[in-house]
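In the text below, chain A, chain B and the rest are named by the order of the sequence lines, each starting its count at 1.
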2 protein chains.
Amino acid sequence: MYTRAEENYLKCIFHLEQEHKGAVATNAIAQMMSTKASSATDMIQRLADKELVSYRRYKGTTLTKSGIAVAVAVIRKHRLWEVFLVEKLNFQWDEVHEIAEQLEHIQSEELITRLDKFLDHPDYDPHGDPIPDKDGNIKKTEKKVLSEMSKSQHGILVGVRETSGEFLQYLDKRNIAIGTKIKVLGKEFFDGSMIIQVKREQFFISKKIAENLYIQV
Amino acid sequence: MYTRAEENYLKCIFHLEQEHKGAVATNAIAQMMSTKASSATDMIQRLADKELVSYRRYKGTTLTKSGIAVAVAVIRKHRLWEVFLVEKLNFQWDEVHEIAEQLEHIQSEELITRLDKFLDHPDYDPHGDPIPDKDGNIKKTEKKVLSEMSKSQHGILVGVRETSGEFLQYLDKRNIAIGTKIKVLGKEFFDGSMIIQVKREQFFISKKIAENLYIQV
DNA sequence: TACTATTTTTAGCTTAGTCTAAAATAAGTT
DNA sequence: AACTTATTTTAGACTAAGCTAAAAATAGTA
């Protein structure tokens, strides 16, 4: 089995590799892990020794097959626990991330199999992210970042990129949740801000907000 | 907060102190923690620095007020998770110990508060052990070890001392569970073995088995 | 009481994971 | 091409937790 730290690095590299496509910079990893580049280098080298990543000095890191398998298994656990926390324990969607960060490292195949069943095999977590199946397959949803949509286009919110409490509370305050219908009423070229329609209300959102909302058109 | 290892040592010392009443020997701790006496000494000294235990060289260890508080909080979490695993995820009572050993270290007050509510504030775990309340109070059940009972006494099984899979499976095989009525039909002085009545069956049990069953008379 | 055996502690080494500071490499700019 | 800046790696040190082997204290016995 792998240590907590190893699992966290693998998960982190997985997410970065998804976003930017291609080898991941050491600095990017260090930043996301809230640690120093030297520590990241250290861990990357250990992961490379175990053939969980392939790594060339100064060139960046990518996950190997087995690295991906470990990362996806952790992500599956994380998202299943998030569903549990929200559906069964009635947590708000902005409160669950930190706890799931801990729960995702519990080691027991059987536990996850049973949890999955108990939750009735959910496909998505409370933030709209797909839950990998037992074999590591992830449903690809063709979603669009709201900031890339243009005037008068519309769709429903299927996911969020940021999962920080502040951001999710911002959405709650405006009654925006997974499944909410959103329409772009206007878009400002200068700063990328938008005016959107949500239910019967319309309001202004900054580019930063728009970049963190995933829409299915 | 405390590390996993610190929490495990505190829990271990708590259990040993309960059993033998009085200061706990370093060797006893090392043995229960499956580690070496030198490692135990090391950790005990660290715990003493943090005032979680009081310790005098060569004399043994006892928990302080704050040490007890930490230990009891961990035990509360452990037992609540065991209830969850058995009641909600349908694990057998012999399968849950190891998983609960991991879950007991998840840090979140709120999580435990909600889990407790979700489980409808259980008083006992699946092995019959009382679950400490939020403030660390533990229900004292006046129970007797079966091996100390004498011929023709009877009572119901309210707890087990051993929680290993083999032992619990042994009980399952003989249809003995928490709540089962047990009567002592005979007792052999030479080796402490017994003949007991369980429902309509009667059978022979060794002293070792009898020492691990708690009965309420 | 003195000797032996057991228990406990100390001393020194190991590994995982972190850090800082310095060196090496890559990238960007004149 | 040469110089500057940014990124990445190496070197060396630290902490938590463990280990082995040796020393010290306690307990048990002749």
*What is the minimum heavy-atom distance between A71(A) and L10(A), and which atoms define it?*
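Taking every non-hydrogen atom into account, CB-O, 3.7 Å.
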_For W81(A) against I112(A), the heavy-atom pair lying closest together_ =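 For W81(A) versus I112(A), the nearest heavy atoms are NE1-CD1, 4.0 Å.
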Below 4.0 angstrom from OP1 or OP2 of [N], is there any side-chain N or O of [X]?
X      : N       : answer
R4(B)  : dA16(D) : no
R57(B) : dT8(C)  : no
S38(A) : dT10(D) : no
N27(B) : dT6(C)  : no
Y55(B) : dT9(C)  : yes
K36(A) : dT20(C) : yes
Y9(A)  : dT18(C) : yes
R46(A) : dA16(C) : no

*Is the shortest side-chain N to carboxylate O distance from E188(B) to K207(B) below 4.0 Å?*
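Between K207(B) and E188(B) there is no salt bridge, as every charged N stays at least 4.0 Å from the carboxylate O atoms.
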*Is it true that E7(B) and K11(B) make a salt bridge, defined as a side-chain N closer than 4.0 Å to a carboxylate O?*
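No, no charged N to carboxylate O under 4.0 Å.
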*Do the side chain of T41(A) and the base of dT10(D) come within less than 3.5 angstrom through a donor-acceptor pair of N or O atoms?*
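Counting by modelled atom types and ignoring angles, no donor-acceptor contact under 3.5 Å is found here.
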Within the 4.0 Å heavy-atom criterion, would you say [X] contacts the bases, only the backbone, or no part of the nucleic acid?
X      : value
A5(B)  : sugar-phosphate
A40(A) : nothing
Y2(A)  : nothing

_Need to verify one output field. Residue with the more 5' nearest nucleotide on DNA chain C, S39(A) or A37(B)?_
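This one resolves to A37(B).
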*If you pin R56(B) and K50(A) to their nearest nucleotides in DNA chain C, which one's is more 5'?*
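Checking each residue's closest nucleotide, the 5'-ward one belongs to R56(B).
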_Distance under 6.0 Å and angle within 45° of ring axis: K88(A) vs F84(B)_ =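 No - K88(A) does not lie over the ring of F84(B) by the 6.0 Å and 45° rule.
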*Centre of Y124(B)'s six-membered ring, under 6.0 Å away, within 45 degrees of the axis: is that where NZ or CZ of R79(B) sits?*
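Relative to the ring axis of Y124(B), which defines the angle, R79(B) lies outside at least one limit.
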*Dot-bracket line, read 5' to 3' along DNA chain C, where crossing pairs take [ ] and | marks a partner on another strand, Watson-Crick or G-U under 3.5 Å*: ||||||||||||||||||||||||||||||
From [options], pick the nucleotide closest to the side chain of [X]?
X      : options                   : value
Q45(B) : dT9(C), dT25(C), dC19(C)  : dT9(C)
M43(B) : dG17(C), dG18(D), dT10(C) : dG18(D)
Y58(B) : dT8(C), dA26(C), dA16(C)  : dT8(C)
T26(B) : dT9(C), dT9(D), dT18(C)   : dT9(C)

*asked:* So does D135(A) get a backbone contact from the side chain of D133(A), meaning a donor-acceptor N/O pair under 3.5 Å?
replied: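 Yes; at least one donor-acceptor contact below 3.5 Å.
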*asked:* Donor-acceptor pair, distance only, cut-off 3.5 Å: does the side chain of E17(B) make one with the backbone of L63(B)?
replied: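 Side chain of E17(B) to backbone of L63(B): a pair is present.
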Nearest-Å distance, [atom1] ([X]) to [atom2] ([N])?
X      : N       : atom1 : atom2 : answer
I44(A) : dT10(D) : CD1   : C1'   : 14 Å
I29(B) : dT8(C)  : CD1   : P     : 9 Å
L47(A) : dT9(D)  : CG    : C1'   : 16 Å
Q31(B) : dG18(D) : CD    : P     : 16 Å
D42(B) : dT10(C) : CG    : C1'   : 10 Å
L10(A) : dG17(C) : CG    : C1'   : 15 Å
K59(A) : dA24(C) : NZ    : C1'   : 14 Å

*Flag yes if more than 12 heavy atoms outside E110(A) fall under 6.0 Å of its CD atom; otherwise flag no.*
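Yes - once you tally the heavy atoms of other residues, nucleotides and ligands closer than 6.0 Å, there are more than 12.
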